[in-house]
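Down below is the structure, laid out as structure tokens.
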There are 2 protein chains.
Amino acid sequence: MPATIRDVARASGVHISTVSRTFSAPHLVNPETRGRVLACAEELGYRPNRAARALITGRTHNIGLIIADIANPFFPPLIKAAESQARQRDYHVFVADTNEDPIAEEELVHALAKQVDGVLLCSPRMSNSMIEQLSREVPLVVINRQVAGLPCVTMDVGQGARSAVEHLLGLGHRRIALLSGPRGSWTSREIRRAAGVAARAGGAEFTVLGPNQPTETGGAALAEQVRRSGTTAVLAYNDLMAIGLIEGLDALGLRVPQDVSVVGIDDIALSRLTRPKLTTVATPNAAAGRTAVDMLLQHDTVAARGSRGSRGVTSDDRRTTAQVMLQTELVIRDSTAAAPADGRNRPDAESATPGPHRLAGPGRPTAATGGVVAS
Amino acid sequence: MPATIRDVARASGVHISTVSRTFSAPHLVNPETRGRVLACAEELGYRPNRAARALITGRTHNIGLIIADIANPFFPPLIKAAESQARQRDYHVFVADTNEDPIAEEELVHALAKQVDGVLLCSPRMSNSMIEQLSREVPLVVINRQVAGLPCVTMDVGQGARSAVEHLLGLGHRRIALLSGPRGSWTSREIRRAAGVAARAGGAEFTVLGPNQPTETGGAALAEQVRRSGTTAVLAYNDLMAIGLIEGLDALGLRVPQDVSVVGIDDIALSRLTRPKLTTVATPNAAAGRTAVDMLLQHDTVAARGSRGSRGVTSDDRRTTAQVMLQTELVIRDSTAAAPADGRNRPDAESATPGPHRLAGPGRPTAATGGVVAS
DNA sequence: CTGAAAGCGCTAACAC
DNA sequence: GTGTTAGCGCTTTCAG
């Protein structure tokens with residue numbers, strides 16, 4: 001059983017409040033006493049109980065980070081950046097995964113509410129009104145979604161999607177499909193809107209397939225639909241789906257980029273390791289994590305919740321409610337190329353016989369697209 | 001400012017203790033009163049403050065999960081399994097990432113200690129004695145390491161490494177290298193020991209390269225050494241390094257598996273998506289996460305720390321200290337093949353000129369190894 | 001079945 | 001500088 005403040009007080013012959021001060025306001029205590037107290041504390045292995053402290057100060061020095069899916073390689077850089085930024089300010093981050101489940105999201109916010117000073121809600125799947133409601137329970141910063149009246153950090157995927165589509169138009173594609181993301185995703189809606197506008201502006205046919213699970217499996221499952229639709233270029237909700245799609249097309253005997261061009265979004269590390277290397281829209285993940293922490297801590301530093309001293313502060317006073325949108329960038333690699341001459345994804349589309357995967361695939365593309373090439 | 005138990009008591013005209021009971025021991029309160037209390041609570045949006053409750057019960061219903069590197073795809077399945085197992089028992093999991101840093105590990109255990117009922121220490125990089133010391137502060141279950149006297153769940157990577165080496169020997173390889181993992185990793189030591197024994201027993205030359213960063217980059221950086229050493233088969237500490245190595249070899253003009261066979265460990269999802277598909281040792285990750293939670297909660301259910309009722313319980317009473325080792329399995333895919341006839345990784349090793357990456361690589365292997373083939 | 005009182009570990013006025 | 005006193009929000013004897 002761990003030592004308490006009282007044990008230390010007894011051992012060093014002072015009152016518990018002196019021990020308390022030794023830790024929370026060292027300058028207020030005589031160096032000599034302080035030394036003795038510290039020694040005893042060390043000896044007993046005493047560490048202030050943060051939870052008890054939080055009960056009265058209203059500040060836990062923890063922040064919660066709620067993530068739709070830890071297994072999605074999109075998130076780790078964001079998580080790590082948030083953690084390191086938080087650590088610098090003497091905060092700890094507790095990460096929790098919701099499995100893309102809006103119910104779990106809500107539950108987790110509740111569970112975390114009292115144990116953290118604020119939570120970063122990343123790529124939420126729940127409704128805006130739910131988010132607003134939760135924000136009255138605990139300070140929230142929303143990542144990858146815009147919610148009126150709340151601090152948000154988003155990435156400009158609309159711009160990214162537009163660049164991607166324009167890249168495809170430039171390569172001569174006139175039938176473009178979008179593999180949309182999960183239901184409830186703000187990002188997916190933004191992409192859809194922007195890609196649709198750009199495609200139509202370029203005189204291309206635009207098909208939306210989805211909503212889908214944002215995973216390899218989700219992407220692979222759409223290969224047949226893509227083949228049948230005859231589109232020659234696909235923009236996927238994320239890199240994972242793009243990679244899955246490429247696999248799936250491969251199994252159907254369609255080669256990327258010769259028969260079909262594929263663009264992902266995110267630029268996860270993996271997208272540089274597959275064959276062909278993925279053309280994709282890079283999103284500033286780590287920056288988003290850092291920024292979100294800053295925004296939370298900034299308006300959180302102003303006023304502690306529930307502490308005695310700040311009882312009178314209304315929540316309106318402390319809301320700067322910045323909304324930050326970070327820039328994205330198209331990275332052109334090997335999964336996009338000029339559209340097939342006949343404008344279809346397969347010369348003999350009707351008679352295609354899906355062959356066994358390992359025998360049917362492409363070698364590696366030898367010539368890539370025009371445009372800026374990144375490695 | 002959130003409603004407290006007192007607000008609810010006032011609103012429903014009962015004493016706070018009755019409100020308390022309504023939530024923590026409903027059967028002890030008159031259904032009618034209970035109804036009224038619940039209604040008021042609902043109305044006010046009251047939720048019991050878990051932290052305050054923990055202060056007196058000694059149970060937070062949280063468990064901490066400390067991970068060396070969230071970005072390593074090895075961990076997410078483990079994390080998810082732990083979370084879902086915990087949720088079933090009405091516990092929440094707080095994940096924290098240490099960036100492979102032993103200091104951060106220690107700090108995090110301290111930070112978590114009072115806010116959770118126990119912590120799962122996954123792939124620790126700190127010393128055994130440190131772990132033992134920390135285990136006196138908070139119940140610990142160690143994953144991927146054996147520490148005497150503490151509950152541990154490990155995977156039999158020794159057996160896995162042996163199978164891998166025997167597979168390579170069976171393919172005629174007589175010069176085998178091991179890409180070892182990070183300093184301080186128990187797993188890496190086990191692999192090294194077992195692989196060394198197996199290689200020597202098979203009359204093969206055995207080289208250890210490392211310690212290394214367990215990432216793609218870490219693997220890629222070793223390509224040149226592998227080439228120069230003339231080995232024809234490599235076992236990597238994990239799939240990430242194996243994949244990085246394949247990329248690196250590729251850049252040097254060495255083909256996998258024709259020139260060099262590569263085996264990974266973990267069987268991450270990615271290993272099925274690269275070309276060639278990776279031969280690897282599958283580790284039962286999710287099972288490890290589940291098991292660890294069970295072990296923690298089992299011996300944690302027996303006695304709450306610091307609660308009034310259990311003051312006299314010594315920590316000896318509650319330690320069953322099971323040590324579980326889960327089985328691994330070799331999965332043979334396309335990155336291993338018969339050793340080159342001349343027993344070297346390059347016919348003209350000395351005159352090799354590393355070509356530009358994209359022009360030098362293999363197509364896709366058309367025939368794989370003997371043995372059991374998995375897709 | 002419900003209320004009264006004590007107290008978990010700690011901090012924050014306020015005296016001295 | 002340091003001790004005293006009053007709680008933070010909650011649970012848990014113990015009476016009644």
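Lettering of chains follows the sequences in order, A, B, ..., and the numbering in each one begins at 1.
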Under 4.0 Å between a side-chain N or O of [X] and OP1 or OP2 of [N]?
{"X": "B:Thr18", "N": "C:dG3", "answer": "yes"}
{"X": "B:Arg50", "N": "D:dG9", "answer": "no"}
{"X": "B:Arg6", "N": "D:dC8", "answer": "yes"}
{"X": "B:Ser17", "N": "C:dG3", "answer": "no"}
{"X": "A:Thr57", "N": "C:dA12", "answer": "no"}

Taking atom [atom2] of [N] as reference, at what distance in whole Å does atom [atom1] of [X] sit?
{"X": "A:Ile5", "N": "D:dG3", "atom1": "CD1", "atom2": "C1'", "result": "13 Å"}
{"X": "A:Asn30", "N": "D:dG3", "atom1": "CG", "atom2": "P", "result": "11 Å"}
{"X": "A:His27", "N": "D:dT2", "atom1": "NE2", "atom2": "P", "result": "13 Å"}

(message) Just to be sure I understand the rule, does A:Tyr46 reach a base, reach only the sugar-phosphate, or reach nothing, if contact means heavy atoms closer than 4.0 Å?
(response)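 A:Tyr46: backbone/sugar contact only, no base atoms under 4.0 Å.
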
**Prompt:** What does B:Val14 touch in the nucleic acid at a heavy-atom separation under 4.0 angstrom: a base, only the sugar-phosphate, or nothing?
**Reply:**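 It contacts sugar-phosphate atoms only.
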
**Asked** With no hydrogens and no angle check, do the side chains of A:Asn62 and A:Gln115 hold a donor and an acceptor under 3.5 Å apart?
**Response**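 The criterion, which ignores hydrogens and geometry beyond distance, is not satisfied for A:Gln115 and A:Asn62.
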
Under 3.5 Å, is there a donor-acceptor pair between the B:Tyr46 and B:Arg6 side chains?
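Judged by distance alone, the side chains do not pair up.
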
Exercise. So which one's nearest nucleotide on DNA chain D is more toward 5', A:Arg34 or A:Ile16?
Worked result: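 Nearer the 5' end of the strand: A:Arg34.
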
So do the side chains of B:Arg89 and B:Asp294 get within less than 4.5 Å of each other, counting heavy atoms only?
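The answer is yes; the side chains approach within 4.5 Å.
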
Interatomic distance at P, D:dG1 relative to C:dC10, whole Å: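 It comes out at 25 Å once rounded to the nearest Å.
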
